[in-house]
Participant: 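Below is the structure I would like to discuss, written out as structure tokens.
Since the model is a prediction, treat every value here as computed from it, not as a measurement.
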Amino acid sequence: VLRKALFDAREYSNKLAQGKQIERDFELEALVPVVRGEMRCRIHCHRADDIFTAIRLAKEFDLDFVLVHCTEGHLIAEDLAEEGVCAITGPLMTTRSKPELANATDKNPGILSRHGVKTAICTDYNVMPIGMLPICAGMAVREGMDYQQALAAITIHPAQIVGIADRVGSLAAGKDADFSVFSQDPLTIAAKPEMVVINGKIVRGYHDENDYIRNHCAHGQKSLPARQ
């Protein structure tokens with residue numbers, strides 16, 4: 001079904017490029033940017049055989065693509081690394097609600113990352129609230145993922161995968177300056193942002209060092225927590 005849709009879309013795209021008079025097909029038109037390589041294709045797949053099928057189709061139609069879920073990626077991590085694919089893993093913290101999830105494990109993002117696969121973590125909102133994203137990254141660390149890689153999996157890696165890393169995903173001159181400041185490990189369930197900055201403006205938290213000091217003194221703290 002997917003191959004036929006891509007084949008028809010490619011034929012439709014070629015006819016458009018040639019200026020031929022054809023009957024409008026809005027479903028095929030939606031796929032034209034995909035088969036032309038102008039839009040990254042997000043292929044949802046869980047089982048290893050479906051993952052391999054996705055890669056095979058992507059090669060056949062020369063697609064710019066990313067694997068979403070990639071649930072059994074941990075079983076074929078070496079192959080995925082050789083293919084140079086990117087994977088958006090997750091959601092974690094869910095049950096094995098269908099046969100495709102039989103081999104689901106929280107170790108998946110860490111295994112993929114250690115094999116060199118660029119890995120992001122998602123909550124598949126609204127399957128899980130987006131606010132649980134740092135907790136999912138923390139669970140990946142618990143199951144063996146490198147801490148910095150887990151942090152990258154919810155910051156710079158997804159930004160690179162969706163093509164907006166020039167604006168967000170890391171702190172660098174010229175970017176949007178969207179970030180949060182924590183005094184605790186942000187990948188733990190107890191962590192709350194002490195400051196939130198959007199487009200370089202503080203929208204929540206302390207506006208200056210004196211504000212930060214006053215707040216903690218007001219709560220009876222004798223020493224200030226480390227600011228990270």
Side-chain angles (χ1 to χ4, degrees), residues 1-6 9 27 30-140 143 145 149-165 168-169:
V1 175
L2 181 56
R3 174 179 280 108
K4 184 178 187 308
L6 291 170
E27 290 185 357
L31 288 173
V32 167
V34 174
V35 296
R36 288 181 176 178
E38 300 168 354
M39 178 184 294
R40 173 162 277 189
C41 181
R42 292 157 179 78
I43 306 177
H44 291 237
C45 45
H46 294 282
R47 298 186 328 201
D49 57 337
D50 289 333
I51 294 171
F52 283 130
T53 297
I55 295 172
R56 187 170 64 251
L57 285 172
K59 287 182 176 180
E60 179 181 345
F61 291 94
D62 196 24
L63 304 179
D64 181 12
F65 75 105
V66 59
L67 301 173
V68 180
H69 304 309
C70 201
T71 304
E72 292 188 354
H74 60 97
L75 301 176
I76 52 173
E78 186 173 341
D79 297 290
L80 298 181
E82 290 179 0
E83 293 290 349
V85 303
C86 301
I88 302 175
T89 63
L92 308 180
M93 300 176 66
T94 58
T95 60
R96 295 181 176 90
S97 57
K98 51 189 176 182
E100 296 93 323
L101 302 181
N103 291 312
T105 172
D106 294 343
K107 296 179 180 180
N108 190 39
I111 293 173
L112 289 172
S113 176
R114 285 195 298 276
H115 279 80
V117 177
K118 180 173 289 185
T119 305
I121 295 173
C122 75
T123 64
D124 207 20
Y125 180 81
N126 57 2
V127 173
M128 289 177 55
I130 191 65
M132 300 298 291
L133 184 60
I135 308 306
C136 291
M139 290 178 65
E143 298 301 323
M145 191 174 194
Q149 286 297 309
L151 196 60
I154 59 172
T155 54
I156 188 61
H157 286 175
Q160 291 170 339
I161 289 171
V162 300
I164 55 173
V168 298

Participant: Would you find a donor on one side and an acceptor on the other, under 3.5 Å apart, between the side chain of Arg40 and the backbone of Ile161?
Facilitator: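 Indeed, once roles are kept as given, a pair shorter than 3.5 Å links the two residues.
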Participant: Quick one: does Arg47's side chain have a donor or acceptor within less than 3.5 Å of a partner on Glu100's backbone?
Facilitator: no
Participant: Would you call the rings of His44 and His69 parallel, tilted or perpendicular if under 30° counts as parallel and over 60° as perpendicular?
Facilitator: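 Answer is perpendicular, since the angle exceeds 60°.
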Participant: Check whether Asp62 reaches the backbone of Gly37 with its side chain - one donor and one acceptor, N or O, closer than 3.5 Å.
Facilitator: no
Participant: Do any N or O atoms from the side chain of His74 and from the backbone of Asn103 form a donor-acceptor pair under 3.5 angstrom?
Facilitator: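 Indeed, once roles are kept as given, a pair shorter than 3.5 Å links the two residues.
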Participant: Please name the pair of heavy atoms, one in Thr119 and one in Thr89, separated by the smallest distance, quoted to 0.1 Å.
Facilitator: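 Closest pair (atom of Thr119, atom of Thr89, distance): CG2-CG2, 3.8 Å.
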Participant: Can you check whether Arg114 reaches Lys107 side chain to side chain, under 4.5 Å on heavy atoms?
Facilitator: no
Participant: Do Ile88 and Pro158 touch side chain to side chain, with heavy atoms closer than 4.5 Å?
Facilitator: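 The answer is no, as the side chains (C-beta and beyond) never meet within the 4.5 Å cut-off.
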Participant: On a heavy-atom basis, which atom in Gly73 and which in Ile51 lie closest, and how many Å separate them?
Facilitator: N-CD1, 3.9 Å
Participant: Evaluate the side-chain proximity of Cys136 to Met128: yes if any heavy-atom separation is below 4.5 Å, no if none is.
Facilitator: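 They are in contact (side-chain heavy atoms under 4.5 Å apart), so the answer is yes.
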Participant: How about Glu82: does its CD atom have over 12 heavy atoms from other parts shown lying under 6.0 Å from it?
Facilitator: yes
Participant: Take a 6.0 Å sphere around CD of Glu38 and say whether it holds more than 12 heavy atoms from other residues, nucleotides or ligands.
Facilitator: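 Counting neighbours around CD of Glu38, more than 12 heavy atoms of other residues, nucleotides or ligands fall under 6.0 Å, so yes.
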Participant: Donor-acceptor pair, Thr155 side chain versus Leu151 backbone, under 3.5 Å?
Facilitator: yes
Participant: Assess the residue pair Ile55 and Lys59 against the criterion (side chain to side chain contact (heavy atoms under 4.5 Å, CB included)); give the C-alpha distance rounded to whole Å, side-chain angles, the decisive distance to 0.1 Å, and a yes or no.
Facilitator: CA-CA 6 Å; Ile55 295 172; Lys59 287 182 176 180; 4.1 Å; yes
